[in-house]
Amino acid sequence: MAPPQSSEFDASKWRARIRPIGGLCGMLLIAIVGTVTFSGWETSTRFTDMKDSWLAYSEEAERKGVWISDLRGQFGYGGMIHHFKNYVLRRDGAYLRRLEEKMALLNGIIDSYLASQPGKAERDALMKIRRTANLYAARIPEIKQGIVENKAVEQIDALVRVDDREAFAALAQLEQIWQTQRANTLSDVVTAISDGEVLTRNVSTTLVILLILALLIFGLMHALIGQSLKASDRLSLELKARKKAQEAAKKLTRAVEQSPTTIIISDVQGRIEYINKKFVELTGYSHDEVVGQTPRMLKSGHTDDDAYSQIWTTLKERREWRGIFKNRKKDGTHYWASTAILPLVDEEGRITNFIGIGEDVTERKLAREQIAKAQKMEAVGLLAGGVAHDFNNVLMAIMGNVQLARLCAEDAAGQCSEIEEIDEALGHIEIASKRAQGLVRQLLTFARRQPTKSRRVSIQDQVTEVLELIRASVPANVELRLEGDVGDAAIDADPTVLHQVVMNLCRNAAEALGGENGSIILRVQKRARWSDTVLKSLPPDAKGVVQLDVIDDGPGIPEDIVQRVFDPFYSTKPIGKGTGLGLSVVRNAMEDLNGAVELKTSPGEGTRFSLYFPEMEAAEQAQDVQQILSKGHERILLVDDEEDVLYTLRRMLTRLGYRVDAYSNPLHVLSAFATHPDRYDCLIADFVMPELCGPDLIDSVRKIRPELPAILCSAYHNQPALNVTGGEVLRLEKPASLYELSSSLRLVLNAAACEAAE
């Protein structure tokens with residue numbers, strides 16, 4: 001109540017007036033406090049009942065519901081019974097292990113349920129389930145014995161069949177008991193809430209009558225309602241957080257299952273624990289066929305054991321591994337997978353699992369091989385003119401020196417000066433012949449369809465070798481030179497791929513000069529640190545980095561083109577002048593060699609392509625063997641359909657002291673050998689001949705005399721393995737020098753003599 005509105009406020013009168021009101025308010029306050037206290041006590045009791053009922057519902061009912069669900073999952077036809085039947089049908093030890101695991105889990109769940117002190121009906125039902133499970137367990141030795149005795153599946157199934165209807169009835173009984181208890185608990189909750197509503201209504205009526213102290217009542221009720229709302233808000237937030245976590249888990253599961261990449265999770269021993277849907281679709285293996293196995297089941301034989309050991313070493317060091325596997329599917333076909341494997345660690349830093357993520361790159365790899373093949377054909381076409389020019393020069397040197405030698409021979413007549421000129425001419429013929437031989441070998445290496453595996457090579461030697469081949473295709477007004485010397489620095493590379501990369505860059509440099517005078521420089525040098533280059537990392541056994549630069553002083557590359565030069569099929573040349581594959585092949589080839597390529601250019605200042613290779617330990621170099629002519633007196637059976645070659649080989653063998661029977665027709669050789677099989681000490685045959693090829697000829701004569709030594713001559717390299725009677729056959733590549741012929745012949749003859757002596 002407000003004080004009287006007057007100019008003078010009488011405090012004594014206000015106190016006298018307010019005193020009875022204060023007494024009344026005090027009495028009412030005592031009544032309200034008593035009422036509120038009573039209602040608060042009743043409300044607290046109701047909320048306690050509600051809490052107890054809710055806890056009984058949320059804890060006991062939920063816990064028993066989980067146990068019952070787990071019992072059905074571990075016991076039913078998706079669990080123990082499922083693996084029991086599969087073990088009988090498929091006799092696979094994996095199902096026995098899973099069966100024993102399911103039985104152990106089932107007994108653990110029953111023990112947990114019994115420990116919660118359930119009612120008698122629940123205990124009886126649990127014991128029925130355990131008895132049935134024990135019956136299944138007791139049948140396992142009978143299955144094993146049946147497998148040992150090789151009994152039919154039907155026989156074993158008849159012996160071990162178990163009546164599990166009682167167990168399933170017990171499961172149904174447990175579910176019925178659980179549902180009844182849950183309904184009763186919900187009824188208690190509803191009752192508590194209803195009683196609370198009645199109490200609240202009575203308190204509200206009382207508080208309306210006692211409206212004089214509404215502010216106090218409002219304050220008390222506000223505090224009480226505030227606490228209730230806070231509790232409700234906390235519960236709501238908890239439920240929202242749980243729902244959000246469940247939704248996040250579902251999203252993660254969907255993302256993994258629907259991922260376009262294969263995902264494998266294994267334990268620390270490599271046993272697979274999880275695969276996603278894409279893995280099943282790609283490999284053809286089902287989930288049950290893969291889980292418990294190791295990724296070794298995908299091995300195709302393309303990757304050696306040392307590589308797998310290196311992968312394990314990397315993962316155990318808690319480092320990620322990336323690479324490409326050629327894997328085998330269930331149907332025996334293969335696919336290429338770009339794979340990343342990384343360890344999963346817990347809070348303490350211990351490795352708990354490994355996860356492998358793979359992308360199917362089969363089509364991409366095949367496309368890359370087609371691109372490389374097309375580009376190689378383009379490069380071969382461009383080389384043809386220059387090589388023909390160089391090879392004709394070699395032939396001219398050979399023919400000219402032969403003619404000079406003949407002229408000198410006609411006029412020699414004992415004149416020493418003329419004899420010296422003949423010797424000099426023959427020396428030039430030999431040099432030119434060796435040059436022609438080297439040129440042909442380089443062409444065969446470059447044109448090889450299938451690249452060999454990488455091997456340890458000297459980069460200095462390889463660059464020097466390819467430089468000689470490049471000279472034939474570079475215009476005469478372009479200076480081509482090699483700078484730098486890295487000694488015996490070695491890299492792991494396929495010479496064919498390395499040649500192709502360097503030739504592509506040199507050809508592009510020559511075309512950039514556009515017919516103008518200029519220079520192309522190949523520069524090799526060592527780099528101590530890989531971090532100073534574009535390389536991402538080095539193999540563990542690498543010593544450093546070797547850098548090979550291809551530099552030209554042409555017009556450079558415009559800035560708007562630099563970003564696209566490595567794109568496949570991008571070319572600035574006119575239509576018909578190129579495929580646009582050269583630099584794309586260079587980049588892909590460097591990736592295959594574990595290296596990298598870098599471009600630096602400015603308009604008007606030339607272009608530099610830098611190739612970076614991991615430097616490895618140099619391979620041991622074979623010592624040069626002194627050339628010695630090994631002579632003999634044995635009788636040789638010689639056959640070659642080329643008359644000029646036959647004549648030359650016969651003269652070479654005769655000069656070495658051998659007795660030679662030479663034939664140009666392999667069928668005549670068979671007839672002569674069949675007449676006198678013990679007359680000859682060795683057979684030398686050409687690989688490709690009409691009517692009867694060399695391997696078939698050797699096989700035919702060895703059917704008559706299996707121990708006959710044989711040498712097979714061929715102008716083609718990388719011939720397939722031979723399968724002929726009598727074992728190994730020595731191969732001799734044409735053109736062969738007199739020293740190679742003599743040493744090869746003595747090798748097989750001496751080996752045959754040793755075997756005969758034993």
Side-chain angles (χ1 to χ4, degrees), residues 375 378-391 393 435 438-439 442-443 446 458-487 489 491 495 497-527 533-534 545-559 561-562 565-566 571-574 577-578 580 582-583 585-587 589-590 595-613:
Q375 196 277 335
E378 178 189 1
V380 170
L382 293 173
L383 281 173
V387 170
H389 172 270
D390 199 16
F391 198 81
N393 287 338
R435 184 182 173 196
L439 184 61
Q442 288 177 338
L443 286 174
F446 184 80
S458 167
I459 187 170
Q460 190 80 29
D461 294 345
Q462 293 298 319
V463 173
T464 302
E465 182 178 343
V466 74
L467 189 64
E468 294 300 321
L469 189 60
I470 296 171
R471 292 186 190 278
S473 59
V474 174
N477 62 332
V478 175
E479 179 187 5
L480 182 64
R481 69 178 186 270
L482 173 63
E483 294 182 355
D485 189 350
V486 292
I491 63 173
V497 176
L498 183 60
H499 287 195
Q500 185 177 359
V501 167
V502 179
M503 290 185 68
N504 281 341
L505 295 178
C506 290
R507 186 193 64 210
N508 286 347
E511 291 177 350
L513 293 172
E516 301 293 333
N517 294 334
S519 62
I520 301 175
I521 301 173
L522 276 67
R523 179 182 299 151
V524 290
Q525 57 182 315
K526 291 185 179 182
R527 301 288 291 271
T533 70
V534 294
V545 178
V546 179
Q547 178 177 343
L548 170 60
D549 296 329
V550 180
I551 308 168
D552 68 72
D553 53 3
I557 302 176
E559 185 176 353
I561 297 178
V562 169
V565 294
F566 290 107
S571 176
T572 59
K573 302 175 186 177
K577 294 297 184 179
L583 293 179
V585 170
V586 169
R587 183 185 60 185
M590 290 304 297
V597 58
E598 181 181 31
L599 167 62
K600 291 186 178 180
T601 182
S602 297
E605 297 183 5
T607 303
R608 183 184 75 185
F609 283 92
S610 297
L611 308 177
Y612 300 100
F613 304 88

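The model shown is predicted, which means the values in this text are computed figures rather than measured ones.
- Summarising the local packing, CD of Gln525 is surrounded by more than 12 heavy atoms from other residues, nucleotides or ligands at distances under 6.0 Å.
- Rounding to the nearest 0.5 Å gives a distance of 7.5 Å between OG1 of Thr601 and CG of Asp552.
- For the side-chain contact (heavy atoms from CB on, under 4.5 Å) test, residues two or more places apart in sequence or in another chain that qualify with Ile551 are Ile521, Arg523, Asp549, Arg608.
- Atom CD of Gln460 and atom CD1 of Ile491 lie 11.5 Å apart (nearest 0.5 Å).
- Of the possible donor and acceptor atoms, none in the side chain of Glu598 sits under 3.5 Å from a partner among the backbone N and O of Ser610.
- Annotation for Ser458 and Gly487: closest pair OG-O, 4.1 Å, computed over non-hydrogen atoms.
- Under the side-chain hydrogen bond (donor to acceptor under 3.5 Å, both in side chains) criterion, Lys600 pairs with no residue, sequence neighbours left out.
- In this structure, Lys526 and Ala489 approach most closely via the heavy-atom pair CE-CB, 3.7 Å.
- Using a 4.5 Å cut-off on side-chain heavy atoms (C-beta onward), Leu611 and Leu505 make contact.
- Listed here is the closest heavy atom pair of Gln462 and Pro495: OE1-CB, 3.5 Å.
- The two residues Cys506 and Leu522 make their nearest non-hydrogen contact at SG-CD1, 3.7 Å.
- Side-chain contact between Phe613 and Leu498 is present, with heavy atoms from C-beta onward closer than 4.5 Å.
- Ile520 and Ala510 make their closest contact through CD1-N, 3.7 Å (heavy atoms, listed as atom of the first residue, atom of the second, distance).
- For Asn477, the side-chain hydrogen bond (donor to acceptor under 3.5 Å, both in side chains) partners at least two apart in sequence or on another chain are Asn517.
- In this structure, Tyr612 and Met590 approach most closely via the heavy-atom pair O-CE, 3.5 Å.
- Proximity of a side-chain donor or acceptor of Asp553 to a complementary backbone N or O of Ser519 within less than 3.5 Å is detected.
- Here Thr464 contributes atom OG1 and Leu482 contributes atom CG; the two are 5.5 Å apart, rounded to the nearest 0.5 Å.
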